[in-house]
Structure formats: structure tokens, C-alpha cells
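Below is one structure, written out as C-alpha cells; the observations come after it.
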Amino acid sequence: MNLATAFAASAEKHPAKTAVFWGDSEFSYEKLQAHVRSLAARLQNDFWVTPGDRVGLWLRNCPEFITALFGVLQAGGVVVPINNFLKPDEVGYILADAGAKVLISESATHREQSELSAKLPGLNFCRVDELADSARTTTAPAPAERIETDLALIIYTSGTTGRPKGAMLSHGNLLFNVESCRQVLKAVALDRFVVLLPMFHSFMLCVGIMLPMTTGCSIVLVKSIHPPKSVFQEIIARQATILPAIPQFFRALANAQVPPEIPLRLCISGAAPLPVEILKEFNARFSIPLIEGYGLSEASPVVSLNPIQGPW
């Protein structure tokens, strides 16, 4: 078992189900898997990606991020997610340090890509928006054989104490972390996860993408968090059930003009400590459990979570 086959099994079990809600658009598991196969084929045929090759992923939050993530894994590559707010010099350092041979990005960053090309002449560029409209009709190669001990992701730290360092995570590391989170969160296929935090972050990669996509859940991918009121409206309209976010967002939710009977059954605070004041404000407004998590990229990333039912 690896992450690519886990996603493929989920897509095969729920082909017609909506995997991703993106504004007014919806992507079924079948459609998403078709794009994953198409990208995997292109990486193997056009960019000569072989098992173990590093592939950078430099994208904003969008459905193509999910396609790229599982497409690289299906091709046998190792995903190197990159903060989309970094400057070309910082991106170039990560790509060089990881030994990436391909960078998946979008046409909107063509100027930054030109800078990277000048500094890394051996780097190839794959633009996801060129594949957005239709999946290729050519037969995709069989998924690369990868086992749990094989490398899946290299997630770079923020570099607050020096140069960023890559945490090397295997398929097994991530699969076990996903399964642990599934059990603690009691996630089932009926759940819909809200994704509004950056998808390149290890917290969202595990809890916001890999967990729902390998469990047959749906993702409500929020286009913009401004104004916050529109996010709350989307949560209600799409009947989202699980919301991972940062503490400040839960303070905004507690003070927003929204009905108390919102469809969420569970909220998860991560990426920063949850102040007691925010927890009290939230609990005074909603009966939804707001549980705190702790993790770090080197741990794939979730280390601990409060139980849904206390004590906390």
C-alpha cells in the first residue's frame, strides 16, 4: 500500500461522488483520478520522472494541487511541497537542496519561473493549467510500485533558525498518521472537510487532503478567506462537517453573524497554540467540539490531538 494506491482505491469505491467543491465547480473522484493519471503519464513520458525522483510542487490552493500531489506519487516521484509565498531565490534553494528535476507550477508565475530557470538550467517546468481542461486520452502507464518504506514527501521547515531543512517522510509515515487522525476524528465518508489554510503546509497535507481523499470524504476548498463571512456562508451551503483552522479564525467564527446551528460537527485548531480566551469565546457560542492539535513536519505531522469528548 502507498498513498497513490490508497487514493486510487478511494476513487474506485466512490467514482461519482464529489471529491472537491471549488466555488461553483465540483470535481468527482472519477474526474480527479482521470487528471491524476494524465499528469502521472505526462511526468513519466515527457519529463522522464522515475521512482524516487524529486518533483517540486509550487501552487496556490486549487484543485490542481490535489491532482499534482497524487499525480507525482502515482508516477513514483517524491513530492517537494513549496510555500507559494516564497521568493524565487528561496524556492531555488529548496529545489537545489532536494535535487528536484521538475517543478509543477502555473502559468501565472512565468516570470518567477524564468528566474529559476536561469539559476537552475537543468530544471524542467510542468504547468498544471495546461492540463486543467481535459485529461489526456493516451493510456497512462501503470502506477509505479512503491512500498511503505519508500520516500513520499520532503517537507521543508520554515528556516527560522537557518536554512530550511527537508523532513523526509515515507508512504508509511504518512499513511499511519492519516489513519491515526481518522480514528481520533472519527472521520467517515459522509464528512466534508473545509480547506482554507495553505495546502503546502504539512497540517493541511495530512488532515486536509490525504485524510479525506483516502477515506472517501469530500473537500470544500475555499477560494478566499476574505471576507470571513463568505467562508461561513460556504460552510453552510456545502454542509461542511469538519473544519481545521488556526486559532484566530475560530475567534472570528465565534464573533461572526452566523446561525449557531451550522453543520459543522467538529473543529480542529492547529498550526499555533489555542489561547484559552478563544476557546471560551467559541464554547460560549457553539456546542461544536473545538479540539487542539500539536504537530511538526518531521512527525508527518500530527503528534497529538485532544479527544472529541474530554477531558482536555
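All figures in this text were calculated on a predicted structure; none of them were measured in a lab.
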Point to revise | Whether Phe282 and Phe250 hold their rings parallel, tilted or perpendicular, with breakpoints at 30° and 60° | key: perpendicular
Exercise for review: Please confirm whether the backbone N or O of Phe47 pairs with a side-chain atom of Asn124, one donor and one acceptor, at under 3.5 Å?
Suggested key: no
Exercise for review: Using atom types as modelled and distance alone, determine if a side-chain donor or acceptor of Thr215 lies under 3.5 Å from a backbone N or O of Val188.
Suggested key: no
Practice item. Quick one: closest heavy-atom pair of Pro244 and Val194, and the distance? Key: CD-O, 3.1 Å
Practice item. Would you name the heavy atoms of Phe286 and Ala254 that are closest together and state the gap between them? Key: CE1-CA, 4.0 Å
Review point. Do other residues, nucleotides or ligands put more than 12 heavy atoms under 6.0 Å from Arg265 CZ?
Key: yes
Exercise for review: Applying side-chain contact (heavy atoms from CB on, under 4.5 Å), run through Val49 and Val72 and close with a yes or a no.
Suggested key: CA-CA 9 Å; Val49 170; Val72 173; 5.8 Å; no
Sequence neighbours excluded and cut-off under 3.5 Å, please list the side-chain donor-acceptor pairs for residues 195-208, or say none.
| unit_1 | atom_1 | unit_2 | atom_2 | d |
| --- | --- | --- | --- | --- |
| His201 | ND1 | Phe203 | N | 3.0 |
| Ser202 | OG | Ser297 | OG | 3.3 |

Exercise for review: Take Thr67 and Val128 through the side-chain contact (heavy atoms from CB on, under 4.5 Å) test and state the conclusion after the steps.
Suggested key: CA-CA 9 Å; Thr67 298; Val128 292; over 6 Å; no
Point to revise | Main-chain N/O of Met1 paired to Thr5 side chain as donor or acceptor, under 3.5 Å | key: no
Check your understanding: So how far is it from Ile308 CD1 to Ile268 CD1, rounded to the nearest 0.5 Å?
Key -> 8.5 Å
Check your understanding: For Ile288 and Ile262, what are the C-alpha separation, side-chain angles and deciding distance, and is it a side-chain contact (heavy atoms from CB on, under 4.5 Å)?
Key -> CA-CA 9 Å; Ile288 308 162; Ile262 56 178; 3.7 Å; yes
Point to revise | Pairs involving residues 280-308, ordered by first then second residue, that meet salt bridge (charged side-chain N to carboxylate O under 4.0 Å, His left out) (sequence neighbours left out) | key: Arg251-Glu281
Point to revise | Heavy-atom side-chain contact between Leu253 and Leu243 under 4.5 Å | key: yes
**Study point:** Within 6.0 angstrom of Glu30 CD, more than 12 heavy atoms from elsewhere
**Key:** no
Check your understanding: Under 3.5 Å, side chain of Asp97 to main-chain N/O of Tyr93, donor-acceptor pair present?
Key -> no
Review point. Does any non-hydrogen side-chain atom of Leu153 lie less than 4.5 Å from one of Pro81?
Key: yes
Exercise for review: Given side-chain contact (heavy atoms from CB on, under 4.5 Å), test Glu64 with Glu106 step by step and report yes or no.
Suggested key: CA-CA 10 Å; Glu64 290 77 21; Glu106 53 191 320; over 6 Å; no
Exercise for review: For Phe65 and Arg60, work out which heavy atoms get closest and say how close.
Suggested key: CD1-O, 4.1 Å
Check your understanding: With sequence neighbours left out, what residues match Pro247 under side-chain contact (heavy atoms from CB on, under 4.5 Å)?
Key -> Ser269, Ala272, Leu274, Pro275, Ile278
**Study point:** Linked, directly or transitively: Ile94 and Val55 (ILVMFWY side chains, under 4.5 Å)
**Key:** no
Review point. For the side-chain contact (heavy atoms from CB on, under 4.5 Å) test, which of Leu169, Leu3, Leu73 pairs with Val79?
Key: Leu73
Exercise for review: Indicate yes or no for a side-chain donor-acceptor contact from Ser10 to the backbone of Ala6 under 3.5 Å, with no hydrogens or angles considered.
Suggested key: no
**Study point:** With Ser107 via side chain to side chain donor-acceptor pair (under 3.5 Å) - residues at least two apart
**Key:** Asp129
Review point. Ignoring hydrogens and geometry, is there a side-chain-to-backbone donor-acceptor pair from Lys101 to Trp48 under 3.5 Å?
Key: yes
Exercise for review: Compare every heavy atom of Lys31 with every heavy atom of Ser28, then report the nearest pair and how far apart it is.
Suggested key: OG-N, 3.0 Å
Review point. Any side-chain heavy atom of Leu32 within less than 4.5 Å of one from Met213?
Key: yes
Check your understanding: How would you list all residue pairs meeting side chain to side chain donor-acceptor pair (under 3.5 Å) that involve residues 231-245, not counting sequence neighbours?
Key -> Glu26-Arg238, Asp191-Thr241
Check your understanding: Under 3.5 Å, is there a donor-acceptor pair between the side chain of Arg192 and the main chain of Leu190?
Key -> no
Review point. Restricting to pairs with a member in residues 172-186, which pass side chain to side chain donor-acceptor pair (under 3.5 Å), not counting sequence neighbours?
Key: Ser170-Asn173, Glu179-Arg182, Glu179-Gln183
Study note, to complete from the structure: In short, Ala4 meets Asn2 closest at the heavy-atom pair N-OD1, 2.9 Å
Exercise for review: Would you confirm whether Trp58, through its side chain, and Asn83, through its main-chain N or O, come within 3.5 Å as a donor-acceptor pair?
Suggested key: yes
**Study point:** Over all atoms of both residues, closest heavy-atom pair of Trp22 and Asn61
**Key:** CH2-O, 3.4 Å
